[in-house]
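Right, one structure below, let's go through it.
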Amino acid sequence: MGSAGTADKRGRAAGRFLRLASTALLLTILSCFAAAYADTLLGATGYKMAGDATKMRIVVNFDREPDVKWFLLRGPNRLVIDLPRTRFALDAKDVKPRGLVRAVRYGDQGHGSRLILTGKGPFAVDKLDVLKNDDGGGYRVAIDMSAASEREFDEALANQSLTTGSTVSTEKGERVGTGPVSAPGHRFTVVIDPGHGGVDGGAESSAGTVEKDVTLAFAKELRDKLAAVGKYDVYMTRDNDVYLALDERVRIARQHEADLLISIHADTIAVKGLRGATVYTLSDKASDPEAQALADRENLSDQFAGMKIEDDNKEVTDILIDLIRRETHSFSMSFAHTLVGQLSTNVGLINNPQRSAGFRVLKAPDVPSVLVELGYLSNVKDEAQLLNADWRGKAAQSITNAVALFAAAKAGTATGG
Ligand SMILES: [Zn+2]
């Protein structure tokens, strides 16, 4: 029994060795084949992604001209790029999600390969080109995408036929809606943006009142007042104490096809006696040094997310975008003007209450946007007002009246005033 058992064990051991050896041999042969075969595969040799939550450019490098087909999928919003069988040699840190892109996945699909970009929300593919690299080193697929609304995404989805690279599927003119030509059934839409939140408390009074709480309380009041009118769709960029990067706030406004973005803040300043509200619009050149300093402070918010702040002035100049931006700017100015007029009846304003500077949160090219500094937390009287529900109600009513005038004017039904 004992010796027979040992022989048996030995036999099994030998058998196992043979199996291992043959498996190893097979693997060696297979990997030789694979190496030879790999040379015939398309090589994806590099991946770069730049931009923010409102706009991204993605460049994928290939060792030869790729045959590309792309289409959109929803739930979640995805861009799918079909490729011939591809060997992906991409750096993990390059494909790390950021900005408008929530996930990057790629892999083999049997008879082909696929690259899938998942959006943080709905987006538009502005451009997808296959281009020859100038240095003679292969080709690249360059994709421009920007934040859009669900409606715009669904429209592109409905209109899509399988699209090949170098053929642009959508004209920018159709995509970037300017107020009056928005979707049927689209109601005048206001996005309220309570400034700061989460790790970024914003300004703070010496008594410990924190800006992010004041702005949230005020934004809720304003939301309720606007909703009570019954004519507008009203959204908030945040309705609790969470951190939101500035470009994320802009993305949310675009997602809702906002006709107006109102960002609410409450600043502090060294001059304790200074008080009153201010309405800001976007401009490259600040209206005054104080406005510039304030914009710099507000723009610092992005540092809480560890984001590198880079100016996006290098953005491609596109005549259409430029026109829309100019139109948006004049809408912003007109709303700011109306708003100052309405606020002045209920709320104390500082000298020259309509000002401008380079606020990042006001940078949506197609959404008229203003930033309201409700008052100064460094001023005891302003602070007391900001904490007072009656005052908040009155101030929110003034803003609601201004929205009504602006919405009516935009709809072309204004009778003056
Ligand atoms: Zn602020």
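Both counts, for ligands and for their atoms, begin at 1 and track the order of listing.
- Considering only heavy atoms from C-beta on, Tyr235 stays 4.5 Å or farther from Ile252 through its side chain.
- A donor atom on one side chain and an acceptor atom on the other are not found under 3.5 Å apart for Glu373 and Thr278.
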When the side chains of residues 332-342 are checked against the rest of the protein, which donor-acceptor pairs come out under 3.5 Å, sequence neighbours left out?
unit_1 : atom_1 : unit_2 : atom_2 : d
Ser332 : OG     : Thr328 : O      : 2.9
Ser332 : OG     : Ser369 : N      : 3.0
Thr338 : OG1    : Ser334 : O      : 2.9

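- Using a cut-off of 4.0 Å between Lys/Arg side-chain N and Asp/Glu carboxylate O, Arg360 and Asp247 are scored as not salt-bridged.
- A tilted orientation is assigned to the rings of Phe218 and Trp391, their planes being inclined by 30° to 60°.
- Closer than 2.8 Å to the Zn ion (ligand 1) sit the protein N, O or S atoms His196 NE2, Glu211 OE2, His265 ND1, Glu298 OE1, Glu298 OE2.
- Of the charged side-chain nitrogens involved, at least one lies within less than 4.0 Å of a carboxylate oxygen, so that Asp108 and Arg85 count as a salt-bridged pair.
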